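Here is the structure we will look at.
Below, each value reflects all heavy atoms present in this structure, side chains not excepted, and no hydrogens, waters or symmetry copies. Since the model is a prediction, treat every value here as computed from it, not as a measurement.
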Amino acid sequence: MSYLICWEEVGRKKEKKKKKLWGPEIVQLISNKVRVIKKRMKEAHDRQKSYADRQRRPLEFQVGDKVFLKCLLGKASFNLE
């Protein structure tokens, strides 16, 4: 099954209105461009994540240190000491 998409420009009364039919080729072209955009967005996300990860440092604790733990269980949160 193939689809045709119709595009008509509105708002120009003096000029002859032209209808443009978009066939499967243009739909395929648009789908490919969407795939490229999604890929580039993922690459940008991964790059930003790597920059943020470089700023993080591992935490080290000693026996006897007091820490604050926040556990989320469903909608309730509990603080453990």
Can you tell me how far NE2 of H45 sits from CE of M41, rounded to the nearest 0.5 angstrom? 9.5 Å
Test: D53 and R56 ion pair at under 4.0 Å: yes
According to a 4.5 Å side-chain heavy-atom criterion applied to Ile, Leu, Val, Met, Phe, Trp and Tyr, with indirect links allowed, do V63 and F61 form part of one hydrophobic cluster? no
In terms of hydrophobic clustering (I, L, V, M, F, W, Y; side-chain heavy atoms under 4.5 Å; direct or indirect links), are I37 and I30 co-clustered? no
Between D46 and E43 (side chain of the first, backbone of the second, donor and acceptor by atom type, cut-off under 3.5 Å), is there such a pair? no
What's the spacing between Q28 CD and K33 NZ if we round to 0.5 Å? 12.5 Å
State the NZ-NZ distance between K49 and K42, to the nearest 0.5 angstrom. 10.0 Å
